[in-house]
2 protein chains.
Amino acid sequence: MKRAEREQPAARPEACNATTPMGRAIRLVGDVCILLIVINLLSGPRRFSELLEQLGHISSRTLTQRLRLLEELGFVERRAFLEIPPRVEYHLTPTGQEFGQVIAAIEEFARKNLADPLPPASCGTLCSAPSSDHSPVSRPVTASLCDESDALTEAGEEAEN
Amino acid sequence: MKRAEREQPAARPEACNATTPMGRAIRLVGDVCILLIVINLLSGPRRFSELLEQLGHISSRTLTQRLRLLEELGFVERRAFLEIPPRVEYHLTPTGQEFGQVIAAIEEFARKNLADPLPPASCGTLCSAPSSDHSPVSRPVTASLCDESDALTEAGEEAEN
DNA sequence: CTGGATCCAGGCAGATACTG
DNA sequence: CAGTATCTGCCTGGATCCAG
């Protein structure tokens, strides 16, 4: 058995409902690799190796998987030339271009709310209790994940790992 | 040590550039779990256990991680009540609501391009060779991932958002 | 009694090396 | 250059246990 091994390219199916369009969409969007591929392809056709470096440290295996999934969904078209040296170009189909809208939304969101890694954050400290007089224990948003794990603040190993 | 173990909540940092707003955004969006959480929270505050079932088979551990990440980013606010029985509510902050725009874009994309799992797909079979007279090997888009894996076909539970 | 932290084991993702 | 095969590791999910 070759190409259809035993693995789901995108996210794990249990995570969302694949029966609805939205479910499928989430599976696509909810995959960093796919997002990155589409973003790159939005700039025009790319060759396999080009994508490989553009995406950073994605393995060829993973790239192939994602590319194939996108191809099957009709978002990406693969064009292979049986020449020496071999050449394969991937480019977005019109449908795939639509994905650009989603990317755009993400970019806008990023600009508006992620310019700074840690905005004023939740008012957190005190907020009128929703429906009872109990004390809403407000946690000072201890950035546990941010300081000691590389959650979203480290500007270190982005590509040179 | 309790809550900050040793793991990255969202996607692996190597996958994208965390130094740019867009990079951070991709990390958020590129996580199915996070998407699902936000979608659920868009409908209003939820309790921990509610989210747990809404998301399906996400483990409490993973849910806690994501929730905490979103909390630190200021997208989600955690409100715990020291009462008996204990109660914890999570709800989106205004900033978190912004995320709704992204969700909306995804939904629109889903409606437009994912209503049918496998659209006409890439014309694939033949397309005018881009810049050479070699034969573009057109592969019949073998739906390897779609049929034999539960990629896009299994039916499960619904998180009606 | 809920929230969630820990431990264990399994599955998916990534890296490396090889082939056409 | 494109893609595949195999191995390893990390993340994830499940069960269990603890704290408030």
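Small disclaimer: the values here were computed from a predicted structure and weren't measured. Letters A, B, ... are given to chains in the order of the sequence lines, protein chains preceding strands, and every chain is numbered from 1.
- We find that CD of B/Q65 is positioned 15 Å from P of D/dC10, with the value rounded to whole Å.
- Side-chain proximity of B/P85 to the nucleotides C/dG14, C/dC1, C/dA13 is greatest for C/dC1.
- One donor-acceptor pair, N or O on each side, does fall under 3.5 Å between the base of D/dT12 and the side chain of B/R61.
- A pairwise comparison of heavy atoms in B/T95 and B/G74 identifies CB-O, 3.9 Å as the closest pair.
- Distance B/L63 CG to D/dC11 P: 18 Å, rounded to the nearest Å.
- In this entry the distance linking CD1 of B/I58 with C1' of D/dG13 reads 8 Å, nearest Å.
- Here the closest heavy-atom approach between residue B/V32 and residue A/G30 is recorded as CG2-O, 3.5 Å.
- OP1 and OP2 of D/dC1 both lie 4.0 Å or more from every side-chain N or O belonging to A/R47.
- Distance alone, capped at 3.5 Å, is enough to place a donor-acceptor pair between the B/R24 side chain and the A/L114 backbone.
- Rounding to whole angstrom units, CD1 of residue A/I84 and C1' of C/dT19 are separated by 13 Å.
- Shown are A/T64, A/V76, A/I34; of these, the side chain to side chain contact (heavy atoms under 4.5 Å, CB included) with A/L69 is made only by A/I34.
- Per the geometry, CG belonging to B/L36 stands 11 Å off P belonging to D/dG13, to the nearest Å.
- Between the CD atom of B/E83 and the P atom of C/dG3 there is a distance of 10 Å, given to the nearest Å.
- The separation between A/L52 atom CG and D/dA2 atom P is 9 Å, rounded to whole Å.
- Between A/R66 and C/dA13 there is a side-chain N or O to OP1 or OP2 distance below 4.0 Å.
- Two residues, A/S59 and A/P86, neighbour DNA chain C, and the one matched to the more 5' nucleotide by heavy-atom proximity is A/S59.
- With D/dA2, C/dG3, D/dT4 as the choices, the nucleotide that has an atom nearest any side-chain atom of A/S60 turns out to be D/dT4.
- What separates CG of A/D31 from P of C/dA13 is a distance of 8 Å, to the nearest Å.
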Quick one: side chains of residues 96-112 of chain A, donor-acceptor pairs under 3.5 Å with protein atoms, not counting sequence neighbours, listed by atom name and distance.
residue	atom	partner	partner atom	Å
A/E98	OE1	B/K112	NZ	2.9
A/K112	NZ	B/E98	OE1	2.9

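- A close approach under 4.0 Å does occur between a side-chain nitrogen or oxygen of B/R68 and OP1 or OP2 of C/dA5.
- With D/dC1, C/dA13, C/dA5 as the choices, the nucleotide that has an atom nearest any side-chain atom of A/T62 turns out to be C/dA13.
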